[in-house]
Amino acid sequence: MDRRSFLKGLGITAATTAFSAVQPRPLSAHSEKIVWRMATSWPKWLSILQSGAERFAKQVEIMSKGRLIIEVFAGGELVKALDVFDAVSKGEVECGHSASYYWAKRIPAAQWFTTVPFGLKVKDINTWLYSGGGMELWNEIYAPYNVIPLPGGNTGIQMGGWFNREIRSEKDYQELKMRIPGLGGKVVAKLGAEVVLLPAGDIYKALETGKINATEWIGPYHDVQMGFHKIAKYYYAPGWHEPATNFEITFNRSAFDKLPSDLKKILEVAASDLNNKVLADFEYNNAVAMLKIAKERKVQLRLFPKTVLRTLERLSAEVLEEEAAKDPMAKKVHAAFKKFKKDMNTFALLRGGDQRI
Ligand code: CA
């Protein structure tokens with residue numbers, strides 16, 4: 001489809017807007033309708049995340065009384081799933097829904113705003129971002145790219161993954177061929193595991209045929225949709241490598257700055273609502289799926305041994321120091337993140353947060 005017919009299909013003519021640059025229509029009157037495009041990194045069928053992005057657009061439409069319409073495009077429909085940040089930065093789309101750790105190669109500091117191994121749990125990541133200085137840092141690292149970020153949902157603590165080998169000690173990692181991307185992969189590689197990177201569509205077959213003998217994915221709800229419970233012996237917890245995966249809503253700053261203040265506020269409030277709703281959807285659906293897995297007893301539920309977890313934690317700290325040393329901004333973010341985590345852990349102890357009440 002060429003550019004003209006594509007724009008026509010969206011009800012936009014070349015005379016009023018250019019595909020390659022953000023040019024919202026002038027706001028001479030409040031009744032004027034602005035049409036924005038959102039690109040996401042999710043497949044169309046991915047519930048909670050793609051449906052969350054669509055819900056965000058609907059909320060904005062309702063709150064703005066139809067003055068701001070956001071057309072949502074799944075990964076690959078308008079831009080490739082992993083080109084969302086670039087598209088928002090260049091103004092090819094006005095906003096995006098994705099995860100900051102996808103841009104880690106280009107922006108090493110971005111990883112801390114999604115999740116890092118043995119990082120913050122969901123309550124603390126929201127506290128850090130909204131009130132503990134996190135948003136100021138996140139805005140600082142995205143400013144050179146003309147992008148404004150906001151938290152856009154969280155998976156809560158993920159699962160450790162599906163294994164066809166039992167993990168009794170650190171030595172068992174030497175026999176592991178695991179699909180585990182990002183920093184988690186770097187950590188298990190230190191224990192001798194072979195880290196395999198696979199696109200989502202190839203993981204099931206690789207686990208079934210023994211090309212890999214372990215994989216992590218997300219949590220029970222999405223994992224069961226992938227069918228891993230049919231071909232794995234063990235389902236391990238906790239997901240130490242992704243203790244609270246935070247997503248991002250991003251806006252092209254030039255487009256955002258042109259909006260009247262009430263529409264800016266509506267976007268902020270809708271993003272905050274999305275952050276709440278996505279987490280609640282993950283937690284509830286994961287609980288339902290996990291109880292079903294436990295009841296069926298086909299897969300053995302396991303916790304990583306405490307000694308293994310402590311080793312993984314020590315190696316994770318090493319990996320984070322290595323990542324932080326790559327770039328001055330990453331170093332700054334890592335230092336702020338570590339201090340915040342330490343302070344919150346001390347506070348939790350002082351107020352008896354770990355005691356059952
Ligand atoms: Ca994961």
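Atoms within each ligand, like the ligands themselves, are counted from 1 in listed order. Position 1 is the first residue of the sequence; numbering continues from there.
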*Asks:* Glu242: which N/O/S atom is nearest the Ca ion (ligand 1)?
*Replies:* OE2

*Asks:* Would you check if the Ca ion (ligand 1) lies under 3.0 Å from any N, O or S atom of Trp217?
*Replies:* yes

*Asks:* Any ring pair (Phe, Tyr, Trp, His ring centres under 6.0 Å) pairs touching residues 258-284, not counting sequence neighbours?
*Replies:* His222-Phe282

*Asks:* Identify whether the distance between the nearest side-chain nitrogen and carboxylate oxygen of Lys277 and Asp281 falls below 4.0 Å.
*Replies:* yes

*Asks:* Specify whether an N/O/S atom of Gln158 falls short of 3.0 Å from the Ca ion (ligand 1).
*Replies:* yes

*Asks:* Report the residues that fulfil ring pair (Phe, Tyr, Trp, His ring centres under 6.0 Å) with His334, sequence neighbours left out, ordered by chain and then residue number.
*Replies:* Trp112

*Asks:* Check all N, O or S atoms of Glu216 and name the one closest to the Ca ion (ligand 1).
*Replies:* OE1

*Asks:* Quick check: do Leu301 and Ile293 have side-chain heavy atoms less than 4.5 Å from each other?
*Replies:* yes

